[in-house]
Structures are given as C-alpha cells and as structure tokens.
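In what follows, every heavy atom counts, from backbone to side chain, and hydrogens, waters and symmetry copies are set aside. Here is how names work: the chains are called A, B, and so on, in the same order as the sequence lines, proteins then strands, and each is numbered from 1.
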Amino acid sequence: MIGNAMSEPTFATLVSRWYERNARDLPWREPGVGAWAILVSEVMLQQTPVVRVLPAWRAWLDRWPTPAALAEDTPAEAIRMWGRLGYPRRAVRLRDCAVAIVERHGGEVPDRLDQLLALPGVGTYTARAVAAFAFSQRHPVVDTNVRRVVCRAIAGEPDAGPATRPADLVATEKLLPAEPAAAALASAAFMELGAVICTARSPRCAMCPVESVCAWRASGQEAPSGPSRRPQRYAGTDRQVRGLLLAVLRETTGPVPHQRLDQVWPDDVQRTRALAGLVTDGLVEPVGEDSFRLLGDGPPMVPLS
DNA sequence: CATGCGTGGTG
DNA sequence: TCACCAAGCAT
C-alpha cells in the first residue's frame, strides 16, 4: 500500500491534472448542462471546428431546448438552423434522433450505451461521449484526437489508423481510472490534449504534460508517414454542387423552381445527379412538376384523385 | 473496409 | 496559392 501511495502518477492522472488547469471553457462542459445539450454538441462537433459550433449550438438549444421540441418541427427548419456547419444530413439525423428519443424513451436522452448507439446519427464515438460526459459512466471515448494521443504516447507511433478499431477502445480503456467520474474526466482530458497540444501537424511537445513519459518522444518522434490516402478534391465534386443547391433551398421558404436551381451549376448531368442525391438522402423533396423544397418545408403534397 | 458526405480557416 | 484539415456516421 505504501508502494502504491508512492507510485508515479498514472498517464490519466497527469493529463487530467493538466486538463483541470488548462481546459478551454466550452459551454457544453459547464456543470448542469443536460444530456440533450451534450448530445447536440457532439453531433455538431462531428467534423466541424469548435469555433463554428459555438454560436450554432446556442441558437439550436435556444430554439429546441428538448428533443420533443425539435421532434415537433420540420426537417426543413432543422436544415436551416444548421446553417453552414457542413454535412447537413447531420441536421436531419439529429431531428430523427429527437423523434426516436421521444418515441422510444419518453423524450429523455437514454443513458444506456446500446440505446444511444441505436439512435440515428449516433455512432461509436458519440454514444460513448454522451454516456461518459452526460451520465458519468466509465467508457473509453475514442475520437481522432484520443487515437492520436494514445497511438503516440503509448505505442510510440506517429499516426493512428484511419478509423476507430476495437483495439483502440481496449488500449484507451486500460488508461482510464476505475472511478467513473474520473474516467470521464480523463477522456475529456485526452481529447483536449489531442486537440490543443498533441495536434496532427505540429505537436507542441514543450507544453505537453506527458512529454516525459511519451513513447513517441522517447523513440525520436518519428515523423508521420506520407499521405496514406489521397483526399478527395472539393472543387468540382458532387459535394460542392449539393452545397450550392442546398444554399439556395435554405434561403428560400417553400418550393424553388428547378430553373433557379439550374443556375448554380452549369453541368446538367452533375447538377441533376446532385439534386437526386439530396432527395435520396432525405434533405430535399420534389414538389409538383418542376420544383423542389427542403424536406417538409410546407404542407404535404396531396395526390389528385 | 473504402467512400461519400460541407464548410471555412490556415500554414 | 491550395492542400489539409476539424470531437464521425452510414453504407
């Protein structure tokens, strides 16, 4: 027991201490923030930087403080409120998620991992993040930041794999304190370390609380390997065309004649394909012969009899 | 398991 | 300038 008391601080302890002194004061981390607000923040933060999420998160919760409130509104309004956060399918899925929470869980965000995972738009990361941060449960929370931190500091490798793997969850779980609340704090701390110090491009090792125990540092800090995969260009892709189409639909209430949508992109084939994709994905619906609108942006179409 | 899916900031 | 992202998810 004396040996235990005198042992070196654990990895999680070092990072948690650093976090308690240096964490950014993000609003969804404040005490008393509910599970719904945390869930909304996690979905918005999927692939969108913190600085852009901040105002959108406040506006969203001001309008829809509960899952039930969002569930009663239209997908179209969800897409509009999403603004330019990107990947607007997340807005629709978040609304689907609110509907599911009302239908399956009486309007309360569930606290069980399997129930969270079953919600639309909630995957491995988000389910664990909500369980840990909203309900103080002891689950490894592994996002791209945590993968990078653990991969570098523990395994001594410069890069994490392309996607979260079961091995990442196991490796991270081993680092967590036994106490659930401490484990949740440690998970937030790992994420923060990866976001602020142990960044992908230029890690600030001089500021790092675990530099002295970092395996990557100890092994000479081998540079990240070359480009594993060539990222898709944005300019000229369907993705860009979808964004242009959606920008027009967002700023218009109700149906938009296709002639107006035609103006956003000259290539008929690509534009038509992009619009069809938006319909397939449940973001847009056709109205009448030649108009389109955001899903649910007006009264349902009544078939003529 | 590789892809597709938006957007705006930055070195 | 422009490649590279930034707390993933669904298929």
Side-chain angles (χ1 to χ4, degrees), chain A residues 19 23-24 26-29 38-57 79 82-94 96-97 116-134 140-150 159-166 168-169 172 184 187-196 198-202 224 226-250 264 270 273-284:
Chain A
Y19 177 77
R24 296 165 292 177
L26 303 176
W28 44 84
R29 289 173 173 170
I38 290 175
L39 174 56
V40 171
S41 78
E42 295 299 342
V43 174
M44 287 185 169
L45 287 163
Q46 294 168 2
Q47 304 285 280
T48 301
V50 167
V51 288
R52 283 164 53 200
V53 166
L54 283 168
W57 180 80
I79 294 168
W82 198 254
R84 306 185 71 81
L85 290 181
Y87 295 146
R89 56 170 55 175
R90 288 182 292 163
V92 176
R93 295 224 178 96
L94 184 52
D96 292 341
C97 180
L116 286 163
L117 204 49
L119 296 171
V122 176
T124 303
Y125 162 75
T126 302
R128 292 167 173 279
V130 172
F133 303 146
V141 181
V142 181
D143 72 335
T144 184
N145 289 312
V146 176
R147 286 211 321 278
R148 186 173 56 251
V149 166
V150 173
D159 279 321
T164 302
R165 309 175 63 69
D168 298 323
L169 290 176
T172 304
S187 291
F190 294 161
M191 291 176 63
E192 187 78 350
L193 188 69
V196 176
C198 194
T199 58
R201 273 288 169 234
S202 8
S228 53
R229 60 192 166 109
R230 179 178 300 113
Q232 183 193 17
R233 277 271 203 284
Y234 181 64
T237 61
D238 285 9
R239 204 182 294 191
Q240 182 189 23
V241 181
R242 287 166 60 112
L244 293 170
L245 291 168
L246 218 44
V248 173
L249 290 158
R250 265 199 310 259
V264 308
Q270 188 177 24
R273 184 174 63 230
L275 186 55
L278 290 171
V279 173
T280 298
D281 291 351
L283 297 169
V284 171

Give one of base, sugar-phosphate or nothing for [X], where a contact means two heavy atoms less than 4.0 Å apart.
X        : answer
A:Leu278 : nothing
A:Gly86  : base
A:Arg165 : sugar-phosphate
A:Trp28  : base
A:Val122 : sugar-phosphate
A:Leu85  : base
A:Ser41  : nothing

Knowing that exactly one of A:Arg93, A:Arg239, A:Gln47 qualifies, which makes a side-chain hydrogen bond (donor to acceptor under 3.5 Å, both in side chains) with A:Tyr87? A:Arg239
Does the base of B:dT7 carry an N or O that pairs as donor and acceptor with the side chain of A:Arg52 under 3.5 Å? yes
What is the distance from [atom1] of [X] to [atom2] of [N], rounded to the nearest Å?
X        : N     : atom1 : atom2 : result
A:Arg128 : C:dC9 : CZ    : C1'   : 15 Å
A:Arg239 : C:dC9 : CZ    : P     : 16 Å
A:Tyr19  : C:dA7 : OH    : P     : 14 Å
A:Asp143 : C:dC5 : CG    : P     : 15 Å
A:Leu39  : C:dC9 : CG    : C1'   : 13 Å
A:Asp168 : B:dC1 : CG    : P     : 12 Å
A:Trp82  : C:dG8 : CH2   : P     : 13 Å
A:Tyr87  : B:dC5 : OH    : C1'   : 5 Å

Side-chain N or O of [X] closer than 4.0 Å to phosphate OP1/OP2 of [N]:
X        : N      : answer
A:Arg242 : B:dG6  : yes
A:Thr48  : B:dG8  : no
A:Gln46  : C:dA7  : no
A:Arg84  : B:dG9  : no
A:Arg201 : B:dT10 : no

CG (A:Leu193) and CG (A:Asn145) are apart, to the nearest 0.5 Å, by 9.0 Å
Measuring only the [atom1] atom in each nucleotide, how far is [N] from [M]? A whole number of Å is fine.
N     : M     : atom1 : result
B:dG4 : C:dA7 : P     : 22 Å
B:dG6 : C:dT1 : P     : 26 Å
C:dA6 : B:dC1 : P     : 24 Å

A:Ser187-A:Arg128 side chain donor-acceptor pair, cut-off 3.5 Å: no
For the residue pair A:Tyr125 / A:Gln46, report whether a side-chain donor-acceptor contact shorter than 3.5 Å exists. no
In short, A:Arg148 meets A:Ala195 closest at the heavy-atom pair NH2-N, 4.5 Å
With DNA chain C as reference, determine whether A:Leu117 or A:Leu26 sits nearer its 5' end, using the nearest nucleotide of each. A:Leu26
Between A:Arg24 and A:Gly121, name the one whose nearest nucleotide on DNA chain C is closer to the 5' end. A:Arg24
Using the side-chain contact (heavy atoms from CB on, under 4.5 Å) rule, take A:Leu54 and A:Trp28 through it: C-alpha gap first, then chi angles, then the decisive distance, then the call. CA-CA 9 Å; A:Leu54 283 168; A:Trp28 44 84; 3.7 Å; yes
Exam field: side chain A:Thr48 to backbone A:Leu85, donor-acceptor pair closer than 3.5 Å: yes
What's the closest nucleotide to the side chain of A:Thr126 if the choices are C:dC9, C:dA7, B:dT7? C:dC9
